[in-house]
Amino acid sequence: MRKLGIIALALFIQHVSAQTNRFVYQVTMKPNAENKSEIKTENAYLDISPEKSVFYSENRIKRDSIMQKAFQGGGGRGSINRDQMESLRTNISYSVEKDKTNQKTYFKDRIGRDMYSYEEDRPVSWKISSETRKIGEYKVQKAETDFAGRKWTAWFTTDLPYQDGPYKFGGLPGLIVKIEDDKGDYSFDLMKNYKIAEFPTLSQFGNTLKVKRTDFVKQQQKFRTDPMSFMTQGAGGISAPMRIGGGRGSGGNQNPADIRKRMEERVKEEAKKNSNPIELQ
């Protein structure tokens, strides 16, 4: 009986240690270059296990949960509360996964109908300072880096056994508690942490296309320039006609020229709202 008790305790300890740790960051952004007084704030999760970590929007998971419940209940899209979904819109459409075993970072974001994924090819090189201070309950140390056209200052702690951080940042001798760029356009602040049983499944619509980072940037620019043409092209430039009109609430057949115009106006408006991206290069 005593041996069984020891085995049970060992299995329990193993289960606890294998759990995923969730760190909640408050992300503050000024995404509109023409209106820096417009500040967006939302929470994002950094889920860390021994094998990997994933950084993504809290609102994305909440929206996924609402849609999943609607479809499971048989109501479909028509049963979804649009006001609730609108309140959960996110400026963090991407996700970042870090593979701990291979020391690789993967970025995923949607362009048009498909999800694009690339391996980050620019290492984050840190200059660690001897300067320390307290942020909340943590003793933190200063580090600086130039990444993707911005100068960043990070504060990391060795009080937590993780060499990780929000977005693509990591590789310091501790967890990043705070990081911000020198223009004050973007900042990530650790708010709290707790354990979760496992990584959630992020919604996946359309194809996932694996590309190089430079190709992702080119495709993003193509979409912003001519969204309708981009949407009617499949992977590899193969024509993929869009279904136009006839859907619920579509009002029957619609003029393709009107749809093109509305789509282009919507994409241009979104581009204006996001004219100050986190990566400038």
Side-chain angles (χ1 to χ4, degrees), residues 19-32 35-49 52-70 80-98 105-110 115 124 134-138 140 147-148 150 152-157 159-160 162-170 172 174-181 183-205 270 273-274 276-279:
Q19 281 185 319
T20 300
N21 289 271
R22 170 167 291 170
F23 295 88
V24 183
Y25 287 85
Q26 179 178 281
V27 187
T28 306
M29 302 159 278
K30 297 177 184 177
N32 190 336
N35 185 10
K36 290 291 189 75
S37 63
E38 183 183 354
I39 300 172
K40 303 286 186 181
T41 302
E42 63 178 283
N43 286 348
Y45 295 152
L46 175 65
D47 295 345
I48 305 176
S49 77
K52 68 176 183 178
S53 71
V54 184
F55 181 78
Y56 57 96
S57 165
E58 178 183 71
N59 283 352
R60 178 176 174 182
I61 282 294
K62 290 181 177 179
R63 286 170 67 95
D64 286 356
S65 177
I66 291 169
M67 292 184 70
Q68 186 178 13
K69 286 177 182 177
I80 294 172
N81 185 318
R82 293 190 180 277
D83 290 336
Q84 187 180 17
M85 292 293 281
E86 186 66 24
S87 70
L88 294 174
R89 283 176 66 88
T90 178
N91 276 70
I92 305 171
S93 59
Y94 57 81
S95 64
V96 179
E97 180 175 327
K98 302 186 187 90
T105 297
Y106 300 96
F107 180 90
K108 279 187 181 181
D109 201 358
R110 181 171 299 282
M115 189 70 76
V124 181
K134 267 276 209 167
I135 295 181
E137 62 186 286
Y138 302 114
V140 296
F147 183 75
R150 292 185 185 272
W152 295 89
T153 298
W155 295 90
F156 67 94
T157 182
D159 296 345
L160 295 164
Y162 306 100
Q163 297 182 359
D164 211 329
Y167 193 57
K168 297 176 180 178
F169 301 112
L172 285 165
L175 183 77
I176 295 173
V177 173
K178 179 181 179 66
I179 183 167
E180 60 185 341
D181 75 299
K183 293 182 175 66
D185 291 343
Y186 287 85
S187 69
F188 301 82
D189 295 88
L190 180 63
M191 306 301 289
K192 59 182 176 180
N193 69 86
Y194 51 89
K195 291 186 182 295
I196 59 174
E198 59 186 358
F199 286 93
T201 301
L202 301 178
S203 62
Q204 183 67 57
F205 303 104
E270 286 297 316
K273 290 179 182 177
N274 295 282
N276 185 33
I278 188 170
E279 294 192 14

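Residues take their numbers from the sequence shown, with the count starting at 1.
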Visitor: Tyr167 and ring pair (Phe, Tyr, Trp, His ring centres under 6.0 Å): which single residue from Phe55, Tyr94, Trp152 fits?
Guide: Tyr94
Visitor: Flag the pair Arg60 / Leu202 as yes when at least one side-chain heavy-atom distance between them is below 4.5 Å, and no otherwise.
Guide: yes
Visitor: Using a 3.5 Å distance criterion without hydrogens, assess whether the side chain of Arg150 forms a donor-acceptor pair with backbone atoms of Ile278.
Guide: yes
Visitor: Among all residues two or more places apart in sequence or in another chain, which pass the side chain to side chain contact (heavy atoms under 4.5 Å, CB included) test with Lys40?
Guide: Met29, Pro31, Glu38, Asn91
Visitor: Under the side chain to side chain donor-acceptor pair (under 3.5 Å) test, which residues partner Tyr138, sequence neighbours left out?
Guide: Asn193
Visitor: Rounded to the nearest 0.5 Å, what separates atom OH in Tyr45 from atom CG in Asn59?
Guide: 9.0 Å
Visitor: Quick one: list whatever passes salt bridge (Lys or Arg N to Asp or Glu O under 4.0 Å) with Asp47, sequence neighbours left out.
Guide: Arg22
Visitor: Is the shortest side-chain heavy-atom distance between Asp164 and Ile176 below 4.5 Å?
Guide: no
Visitor: If the condition is side chain to side chain contact (heavy atoms under 4.5 Å, CB included), which residues does Thr153 pass it with, not counting sequence neighbours?
Guide: Lys142, Glu144, Trp155
Visitor: Looking at residues at least two apart in the chain, or sitting in another chain, which of them share a ring-ring contact (aromatic ring centres under 6.0 Å, His included) with Tyr106?
Guide: none
Visitor: Any side-chain donor-acceptor pair under 3.5 Å between Tyr162 and Asn21?
Guide: yes
Visitor: Report yes or no: does Lys178 contribute a side-chain atom to a donor-acceptor pair with the main-chain N or O of Ser187 at less than 3.5 Å?
Guide: no
Visitor: Can you name the residues that form a side chain to side chain donor-acceptor pair (under 3.5 Å) with Thr105, not counting sequence neighbours?
Guide: none
Visitor: Working to the nearest 0.5 Å, report the span between CD1 of Ile48 and CD1 of Ile196.
Guide: 10.5 Å
Visitor: Are the side chains of Tyr56 and Ile61 in contact, using a 4.5 Å heavy-atom criterion?
Guide: yes
Visitor: Judged by modelled atom types alone, do Thr90 and Glu42 share a side-chain donor-acceptor pair under 3.5 Å?
Guide: yes
Visitor: Tell me which one of Ile179, Thr28, Leu46, Val177 satisfies side chain to side chain contact (heavy atoms under 4.5 Å, CB included) with Phe188.
Guide: Ile179
Visitor: Do the non-hydrogen side-chain atoms of Leu175 and Phe23 ever get within less than 4.5 Å of each other?
Guide: yes
Visitor: Does atom NZ (Lys192) have a neighbourhood of more than 12 heavy atoms from anything else shown, all under 6.0 Å?
Guide: no
Visitor: Backbone N or O of Lys30 within a donor-acceptor pair of the Asp185 side chain at under 3.5 Å?
Guide: no
Visitor: Can you confirm whether the side chains of Ser37 and Asn35 place a donor and an acceptor under 3.5 Å from each other?
Guide: yes
Visitor: Could you walk me through whether Phe156 and Val140 pass side chain to side chain contact (heavy atoms under 4.5 Å, CB included), step by step?
Guide: CA-CA 5 Å; Phe156 67 94; Val140 296; over 6 Å; no
Visitor: Check this for me, if you would: do Glu279 and Lys168 make a salt bridge, where the nitrogen-to-carboxylate-oxygen distance has to be below 4.0 angstrom?
Guide: yes
Visitor: To check you understand the geometry: which heavy-atom pair defines the closest contact between Val27 and Ala44, and what is its length?
Guide: CG2-CB, 3.9 Å
Visitor: Distance check, rounded to the nearest 0.5 Å: Arg110 atom CZ versus Met115 atom CE?
Guide: 4.5 Å
Visitor: In Å and rounded to the nearest 0.5 Å, what is the OG1 to OH distance from Thr20 to Tyr194?
Guide: 12.0 Å
Visitor: When rounded to the nearest 0.5 angstrom, what distance separates NZ in Lys98 from CZ in Phe169?
Guide: 9.0 Å
